[in-house]
Amino acid sequence: MAKSFQGFRSLIENSPDAVSLIDKRGEILYGSASTSKVFGYHPEEILGRNCLELIHPEDRDRSSQALQDVLAKPPGPRQWDARVRCKDGRYSWVESTLSNLLFEYEVQAIVMRQRDINARKAAEEERQRQAEQLLHSKLRMEEFAYTAAHDLREPLRAISMCTAMLVQRTEMDEKGKQMAKFIVDGAARMSILIDDLLFFASTGTHEALQCVDLRHAVEQATLNLAPAIEESGGVVTVDPLPIARGNEIHLVRLFQNLIGNAVKYRGEEPLEIRVTARPHGPGWVVRIEDNGIGIAAEHQTRVFMPFVRLFDRNVPGTGLGLAVCKNIVEGMGGTMWVESEPGAGSAFCFTIVAAEGLPQPPAYKLSHL
Ligand code: ADP
């Protein structure tokens, strides 16, 4: 037992944490007064007992390892969470911190400080439960969206086909033909909306991420948009882009939506689109910049909401493109925002986690690191 720890004792006696002194086998040599508050034991009741005895069987190996670690050379303070049996038989979650003071003349023991963390554990469990519940309802929503989309497509196809046949087989005046065209166009728009809704419902789940070459994803997106880009006369410049952690199909869709929007919402100037990336925390900020009509400050948060459209209804779109982008980015653990000024263009930015251990484009290293 420690030879003299009177000074030390006065320091710990009033601590709200239970403080014990143990030897290198874990035997309890001293327990502070608050042991009774935290565990219900009078300090004397635990003297001579091994602290590992009181630990929940599932947490015992971890606790024994912590004791070994604190005895190792060089010793360092060691902290871990474990359940400890209280006097009334129930287990209580505590955060334990061990400090090796065996060679301190005043103490000559290992100091174990134990703090009640039941409230924190309950909050963690509640968060976990809510996350599981959310995932469960998201999966159910996805299933529902697939079924609904499938069931809606069939009658839509029938409406389009029958209207086209009606126009062919019956005598119709110009007004009638125009109305028939409205029906067919409406059915086509609804079909696009169903596809977008379906994609929206399938994004955002934290799925397995792979290493994706962002440059490749941008190339794929511009290839898909080639006719529209060509028709606009726009120029897309792509700076060196990193390899990041994401979902390739979703990333192609993300770039496609953003570059496609830059084309749709272009201004009077010849269209210029630039895709860049710069290091940011454990990853990158990717930026898709255009010189289009821009977005007023008061709309810059709203545009990411489903079905929000700001301009001319004649520009094709469902108002789901940016909502899909935001869902995709958040599903990969990132955030998304827009920097814009009306008339001066927009820059849509998102963060993405780096693919660790993979070589990044050398040009990037030269200019940014
Ligand atoms: P959609 O293009 O189908 O309308 P989005 O969700 O992609 O839907 O975009 C929402 C709205 O945000 C658009 O209707 C448009 O008003 C605005 N917007 C999106 N991208 C740009 C852009 N690059 N420049 C200006 N406005 C944009």
Side-chain angles (χ1 to χ4, degrees), residues 145 149 152 185-204 214 217-218 220-222 224-239 249-277 285-332 334-351:
L152 282 169
D185 288 352
R189 276 205 308 280
M190 194 158 165
S191 178
I192 295 171
L193 185 62
I194 289 171
D195 287 345
D196 278 4
L197 264 176
L198 203 56
F199 199 84
F200 179 64
S202 71
T203 54
L214 295 188
V218 173
Q220 193 55 49
T222 46
N224 297 345
L225 291 165
I229 296 174
E230 205 168 308
E231 197 239 45
S232 74
V235 177
V236 184
T237 310
V238 186
D239 278 12
I249 295 173
H250 286 177
L251 277 162
V252 171
R253 180 66 171 245
L254 170 69
F255 285 119
Q256 196 170 312
N257 286 0
L258 296 176
I259 297 171
N261 277 352
V263 173
K264 283 198 293 185
Y265 305 108
R266 60 185 183 272
E268 301 293 316
E269 299 283 305
L271 173 63
E272 285 174 23
I273 303 168
R274 189 177 195 104
V275 187
T276 56
V285 173
V286 181
R287 197 175 164 90
I288 296 92
E289 220 169 330
D290 65 48
N291 60 344
I293 57 178
I295 301 170
E298 67 266 30
H299 298 309
Q300 287 174 12
T301 311
R302 285 181 64 229
V303 287
F304 293 100
M305 288 157 71
F307 305 115
V308 170
R309 307 199 70 207
L310 303 179
F311 306 113
D312 193 353
R313 294 274 150 178
N314 291 325
V315 177
T318 57
L320 278 172
L322 291 178
V324 164
C325 292
K326 192 164 188 284
N327 239 16
I328 290 175
V329 169
E330 289 174 358
M332 296 184 306
T335 49
M336 183 166 196
W337 68 97
V338 63
E339 293 163 13
S340 183
E341 224 180 278
S346 310
F348 284 87
C349 309
F350 66 89
T351 59

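In each ligand, atom 1 is the first atom listed, and ligand 1 is the first ligand listed. Quick note: numbers below take in every heavy atom, side chains included, and nothing from hydrogens, waters or symmetry partners. Since the model is a prediction, treat every value here as computed from it, not as a measurement.
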| said: With nothing but distance in play, are any N or O atoms of G321 less than 3.5 Å from an N or O of ligand 1? | reply: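 Yes, at least one N or O pair falls under 3.5 Å.
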
For [atom], find the nearest protein heavy atom and state the residue, atom name and distance (0.1 Å precision).
| atom | result |
| --- | --- |
| atom 15 (C) of ligand 1 | Y265 CZ, 3.6 Å |
| atom 4 (O) of ligand 1 | R309 NE, 2.5 Å |
| atom 26 (N) of ligand 1 | I295 CG1, 3.4 Å |
| atom 5 (P) of ligand 1 | L322 N, 3.5 Å |
| atom 8 (O) of ligand 1 | G319 CA, 3.2 Å |
| atom 23 (N) of ligand 1 | D290 OD2, 2.9 Å |
| atom 17 (C) of ligand 1 | V303 CG1, 4.0 Å |

| query | Quick check: does any side chain N or O of N257 sit under 3.5 Å from a backbone N or O of G321, one acting as donor and the other as acceptor? | reply |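 Yes; judged by distance alone, with no hydrogens or angles, the pair exists.
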
| message | I'd like to know if the side chain of K326 reaches the main chain of M336, judged simply by a donor and an acceptor atom lying under 3.5 Å from each other, with no hydrogens or angles considered. | response |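 No; judged by distance alone, with no hydrogens or angles, the pair does not exist.
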
For [X], the ligand 1 atoms whose distance to one of its heavy atoms is below 4.0 Å:
| X | answer |
| --- | --- |
| L310 | 14 (O), 16 (O) |
| K264 | 1 (P), 2 (O), 3 (O) |
| G317 | 3 (O) |
| V308 | 10 (C), 11 (C) |

Under 3.5 Å, sequence neighbours excluded: what are the donor-acceptor pairs made by side chains of residues 338-351?
residue, atom, partner, partner atom, Å
E339, OE1, R287, NH1, 2.8
E339, OE1, R287, NH2, 3.3
E339, OE2, W337, NE1, 2.9
S340, OG, I295, N, 2.8
S340, OG, G345, O, 3.0
S340, OG, S346, OG, 3.0
T351, OG1, T335, N, 2.9
T351, OG1, T335, OG1, 3.4

| said: Run R266 and E231 through salt bridge (Lys or Arg N to Asp or Glu O under 4.0 Å) and show every step you take. | reply: CA-CA 12 Å; R266 60 185 183 272; E231 197 239 45; 3.8 Å; yes

| request: Take atom CD of E230 as the centre, draw a 6.0 Å sphere, and report whether it contains more than 12 heavy atoms from other residues, nucleotides or ligands. | output: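 Atom CD in E230 is not crowded, with 12 or fewer foreign heavy atoms closer than 6.0 Å.
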
| said: Around atom CG of L197, are there more than 12 heavy atoms from other residues, nucleotides or ligands closer than 6.0 Å? | reply: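 Enclosed: over 12 neighbouring heavy atoms sit under 6.0 Å from CG of L197.
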
| field | Audit row: I259, I229, side chain to side chain contact (heavy atoms under 4.5 Å, CB included) steps and yes/no | value | CA-CA 9 Å; I259 297 171; I229 296 174; 4.2 Å; yes

| Close approach of F304 to ligand 1, heavy atoms, under 4.0 angstrom |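 F304 does not count as a contact of ligand 1 under the 4.0 Å cut-off.
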
| message | Taking a cutoff of less than 4.0 Å between a non-hydrogen atom of the residue and any ligand atom, is G292 in contact with ligand 1? | response |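 Under 4.0 Å: no for G292.
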
| field | Residues R302 and H299: side-chain donor-acceptor under 3.5 angstrom | value |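 Yes, side-chain donor-acceptor contact under 3.5 Å.
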
| Do N291 and E272 get their side chains close enough for a donor-acceptor pair, meaning under 3.5 Å? |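 No.
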
| Selection from L258, N261, D196 by shortest heavy-atom distance to atom 19 (C) of ligand 1 |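 When every heavy atom of L258, N261, D196 is considered, N261 comes closest to atom 19 (C) of ligand 1.
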
| query | If we only count heavy atoms from C-beta on, is the L225 to V263 side-chain gap below 4.5 Å? | reply |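 SC-SC contact between L225 and V263 ruled out.
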
